[in-house]
Structure formats: C-alpha cells, structure tokens
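Worth saying up front: this structure is predicted, and the values here are computed from it rather than measured. In this chain, residues are counted from 1 in sequence order. Note that these values count all heavy atoms, side chains included, but never hydrogens, waters or copies made by symmetry.
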Amino acid sequence: MDRSANLDTEELKMTREQYILATQQNSLPRSEHPQFYPVGIYGWRKRCLYFFVLLLLVTMIVNLAMTIWILKVMNFTVDGMGNLRVTKKGIRLEGISEFLLPLYVKEIHSRKDSPLVLQSDRNVTVNARNHMGQLTGQLTVGTEGAVFGHSVETPHIRAEPSQDLRLESPTRSLVMEAPRGVQVNAAAGDLKATCRKELHLQSTEGEIFLNADTIRLGNLPVGSFSSSSSSSFSSSPSSSSPRQTIYELCVCPNGKLYLSPAGAGSTCLSSSNICLWS
C-alpha cells in the first residue's frame, strides 16, 4: 500500500511540473520572424583591416625583393661577400679594393703570378713600429721616388726600363755596406761618381785595382823641370814647351799626383813646389 501511494504522489508531481512549464511557454510573446544578432567586424572596420593586411603584404614583398637584390649585387655567398673570402688561413681579398681607414694586418700577399699594387692619389707611406708604438722605420713612395726614413736592406735595386736609377740623401750621408762586397755595374753605359769636396777610395786590407784600356786623370798640375834640379808650378800643360808631348806622372810623399815633363831620366822631385804647397 505504501509503495503504491508513493508512486501516485510522484506521478502527481511530474504532472504538475509539466503543467507549469506548458503554462510559462504559452505566456511568452511569440514573434513570427526570429531575430538574428550579427557576430564579427563589419563596415569601415572591415575595410581598414583589409587595407592594413594588404599594406603589410606589399611591405613584405618589397623587403624580400630588396634583400634578394642586395644579396645579388654584393655577391653574398657561404664563403664571404664579393671579392672578400673567409678562409681557414684568414681573409682573402681579390680585385681592386679601397680602404678609407687605417688597415692593420700581419702579412699581405697577392695571388700567384700576379703583382701587388698599392695606389694613392698622393703618397704611399708604410710605417714600422715597435711594441711601444715608437716609429722604427718608414717608407714613403711619392712622385719623386721612394724616401726611406731609416736604413734599407735589400738584395736588389733597379730602375724601370729606360729610366735612370738615382740614390740620394739630401741632408745626410749615403752609405752602402755589404759583408762580402758591393758591386756597381753599368753593362751598357758610363759609371760616374761626382762629389763637391773629396772622393775617397780606401781599401784597408786589399788594393784598389783599375782595369781599363785607357785611364785618364784630368786637371792634374804640371811642373816644369830645369837642369838646376828645380821644379816650379805651371797651371796647365799648354804653359810648358810646345814641343813637350810626353809627361811623367809623379807622386808626392803626401799622395798628391802631378805631371812633370819627361826627360832622359826621372824628373819627379820630392822637393817640388807642388808637393810643398799642397
């Protein structure tokens, strides 16, 4: 009995709830056309969004084209850029290059069988410094030739074809030294040595050897010989006897040379005025 009474009570509650729901639905106003609420961006906002997306796309395309053009012009590769190549031993630079700032390198080499050219509108100066930054050597190449600030050590010095070679020290002395000798050779021309004061040829342990078909000593003073064994000074060979054509080369004790008219015997006298006045 109790079980059946509980079932009847539950069915009564369910019927009552269904009635209430049906009554509430009937009380709501019904519209013949349902309303839709739009979701999203419409109107001028949508047009602005499309414009910015299009502008961004154009900018990306232009940047990509400019990047490809720069890579093509500068010749960027995996090994380097343009004529600049990065190798295991350092940097390799090919072709003509221009440096606007100082360049500090350990060694500069050209390609095999190719010269190394350094070009400047004015002078090319190469400085050598020690670990303290002090200048120890300098080489300046200009329109008048090469100017060395200190000593130069080189196995060979030559001029360009059909050009003269000139070694000059405007304010100091010019010294050429070599442990095994210094050789000056003119294969197809003359060799001339001039100086303002004295020209010294000195050999400390050997001798001075002059080997030529003809050896001429110009502007030597001429002494006149007389039977009284006296010798006097004459300015030139023309002041002596016109018949005299042969002269004797005489040497004073101090090493000075002069000419004396040749005779049957030697006409050189150590007491000659030329030796005494020198």
Give the table of side-chain donor-acceptor pairs shorter than 3.5 Å for residues 45-67, with sequence neighbours excluded, one pair per line with atom names and distance.
unit_1	atom_1	unit_2	atom_2	d
Thr59	OG1	Leu55	O	2.9
Asn63	ND2	Thr59	O	3.3
Thr67	OG1	Asn63	O	2.8

Testing the basics here: between [X] and [Y], what is the closest heavy-atom pair and its distance to 0.1 Å?
| X | Y | result |
| --- | --- | --- |
| Ile70 | Phe76 | O-CD1, 4.1 Å |
| Ser203 | Ile208 | CB-CG1, 4.2 Å |
| Asn75 | Arg85 | ND2-NH2, 3.9 Å |
| Cys275 | Tyr258 | SG-CE2, 3.7 Å |
| Leu199 | Ala193 | CD2-O, 4.3 Å |
| Ser266 | Glu248 | OG-OE2, 3.0 Å |

(request) Calculate, to the nearest 0.5 Å, the distance between atoms CD and CG belonging to Gln134 and Asn127 respectively. (result)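 Atom-to-atom, Gln134:CD and Asn127:CG are 13.5 Å apart.
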(request) Hey, could you give me the CD/OG1 distance between Gln138 and Thr140, rounded to the nearest 0.5 Å? (result)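 So the gap between those two atoms works out to 4.0 Å.
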(request) For Leu174, check side-chain contact (heavy atoms from CB on, under 4.5 Å) against everything at least two apart and list the hits. (result)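 Leu174: side-chain contact (heavy atoms from CB on, under 4.5 Å) contacts with Leu167, Ser169.
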(request) List for me each residue that meets side-chain contact (heavy atoms from CB on, under 4.5 Å) alongside Thr136, sequence neighbours excluded, and say none if there are none. (result)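 If we apply the side-chain contact (heavy atoms from CB on, under 4.5 Å) test to Thr136, skipping adjacent residues, the hits are Ala128, Asn130.
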(message) Would Leu259 and Leu249 count as a side-chain contact (heavy atoms from CB on, under 4.5 Å) here? Give the steps.
(response) CA-CA 5 Å; Leu259 298 178; Leu249 180 62; 4.0 Å; yes
(message) With clusters defined by side-chain heavy atoms of hydrophobic residues (ILVMFWY) lying less than 4.5 Å apart, directly or transitively, does Met74 cluster with Val86?
(response)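 No.
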(request) Following the transitive rule for hydrophobic clusters with a side-chain heavy-atom cut-off under 4.5 Å over Ile, Leu, Val, Met, Phe, Trp and Tyr, establish whether Leu257 and Val222 coincide in one cluster. (result)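 Linked, Leu257 and Val222 end up in one cluster.
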(request) Using a 4.5 Å cut-off on heavy atoms from C-beta on, say whether the side chain of Leu139 contacts that of Thr125. (result)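 Heavy-atom side-chain distance check fails, nothing below 4.5 Å.
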